[in-house]
Amino acid sequence: MSVPARIDLHTHSTASDGTLGPAELVRAAADAGLHVVALTDHDTTAGWAAAVAALPPGLTLVRGAELSCRWSGTEPALPLHLLAYLFDPAEPELAAELARVRRVREERGERIVRLLQADGISVSWSEILAGAAGGTVGRPHIAQALIRAGLVATTTEAFGRDWLGERYRLPKDDIDVFRAVALVRAAGGVPVFAHPRASRRGRIVPDELITALTAAGLAGLEADHEDHSPAEREHVRRLAAELGLLVTGASDFHGTHKTVRLGAYTTAPEAYERIVALARGVTPVASG
Ligand code: AMP
Ligand code: FE
Ligand code: FE
Ligand code: ZN
C-alpha cells in the first residue's frame with residue numbers, strides 16, 4: 001500500500017442510520033481523500049453490494065457491520081457496540097442473530113412511538129419506518145420525526161434527556177457480547193470494540209470485561225473516536241498495548257445525522273493490515 005494511506009474503518013449508510021446511500025458513501029469517501037473505508041451499518045450487510053458496485057478508483061472497501069450487543073455482567077445490562085470486519089455474511093448463525101436484532105429494533109421503535117403518543121406527541125410509526133426506507137431502524141429515525149414535528153431542532157437535541165436519551169429511551173434485546181465475538185470469529189470476521197470508553201454516551205464497561213473479551217477472541221479497540229476525550233483515547237491505547245490488541249480510529253460517519261466528517265479520525269496502516277491478515281470471511285474489495 002502506498003503511504004500515507006488514509007483509512008476510516010467505521011461509517012454508516014442508509015442501510016442503517018446514515019443519510020448517504022452506500023454508493024454515495026463510497027464516492028464521498030474517495031472525495032474525502034480516503035484510500036480505505038469500512039462500511040459498518042448497524043446489524044446489517046444490506047449495503048455491501050451497492051457499495052462494491054459503486055467503488056471509485058483508488059478506494060478499497062472493507063465490508064463490515066456494527067453489532068448491537070449487551071453485557072449482562074451488570075444490572076441493568078449495558079448496551080455496547082462491536083465492529084465486525086470481513087466476516088462471511090452467509091454464516092447462518094450470525095446472519096440469524098442480525099435478522100433477529102433488526103426485528104427487535106422495529107418492535108422497540110414502535111414501543112417508543114407508543115410512549116410518545118401516550119404523552120400526546122404526534123409521531124407516526126409508519127412514517128418513521130418509511131423514513132428508514134428498509135434500512136435498520138434506530139433512534140436517529142425517530143429523532144427525524146421529532147424534528148419534522150417541530151418538537152426539537154436538531155438530532156443532538158432529540159438525544160437529550162427529555163427525549164430519546166432518557167425519557168423515551170427503551171432497551172432492546174441485543175446480542176450477548178461474548179456470543180457476538182464468537183459468532184464473528186466463527187464467520188471468519190475480526191471483532192473490534194467500538195468507542196469502548198465513550199462515557200458521554202452513558203455507562204461504560206470495566207477494563208476487566210475487555211480483558212475477558214480478549215481471551216474470547218476480541219481483536220481490537222477503537223481509540224480515536226469523537227466520543228472519546230483525549231484522556232479516554234490514551235486509556236484505550238494503554239489497555240490495547242497491555243492486552244496485545246490492535247487500535248483503530250474512525251469517524252463513525254452518519255451523514256447529516258451527525259456533524260463528524262469522513263476521515264476525521266483514521267487508522268494506522270499497520271492496524272489495518274493486522275485486520276486483513278486475521279480475516280477469513282471475505283476480502284477487502286479494490287475497484288477494477
Ligand atoms: P439505537 O441504535 O436505535 O439505540 O440508536 C443509537 C444511534 O443513535 C447511534 O448509533 C448513533 O448513530 C445515534 N446517536 C446516539 N447518540 C447520539 C447523539 N447524541 N446525537 C446524534 N446521534 C446519536
Ligand atoms: Fe448509528
Ligand atoms: Fe456505535
Ligand atoms: Zn457507528
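Every number for a ligand or one of its atoms is a count from 1 in the order of the listing.
A salt bridge does not link R108 with D173: none of the charged nitrogens is closer than 4.0 Å to a carboxylate oxygen. Salt bridge R27/E24: absent, no basic N to carboxylate O contact under 4.0 Å. Between D119 and R167, at least one side-chain nitrogen of the basic residue sits less than 4.0 Å from a carboxylate oxygen of the acidic one, meeting the salt-bridge criterion.
In the displayed structure, R261 atom CZ is contacted under 6.0 Å by at most 12 heavy atoms of other residues, nucleotides or ligands.
In summary, E66 places no N/O/S atom under 2.8 Å from the Fe ion (ligand 2), failing the contact criterion. Checking H254 against the Fe ion (ligand 2), an N/O/S atom falls under the 2.8 Å cut-off. Within the 2.8 Å limit, H10 places no N, O or S atom next to the Fe ion (ligand 3).
Between H225 and H195, the ring planes lie perpendicular to each other; the angle is over 60°, past the 30° to 60° tilted range.
Take the Fe ion (ligand 2) as the corner point: the lines to OD1 of D17 and to NE2 of H42 open at 80°, to the nearest 10 degrees.
Per residue H81, closest N, O or S atom to the Fe ion (ligand 3): atom name ND1.
Here the side chain of Y85 pairs no donor or acceptor atom with the backbone of V276 at under 3.5 angstrom.
Inside a sphere of radius 2.8 Å centred on the Zn ion (ligand 4), the protein N/O/S atoms present are H10 NE2, H12 NE2, E66 OE1, D252 OD1.
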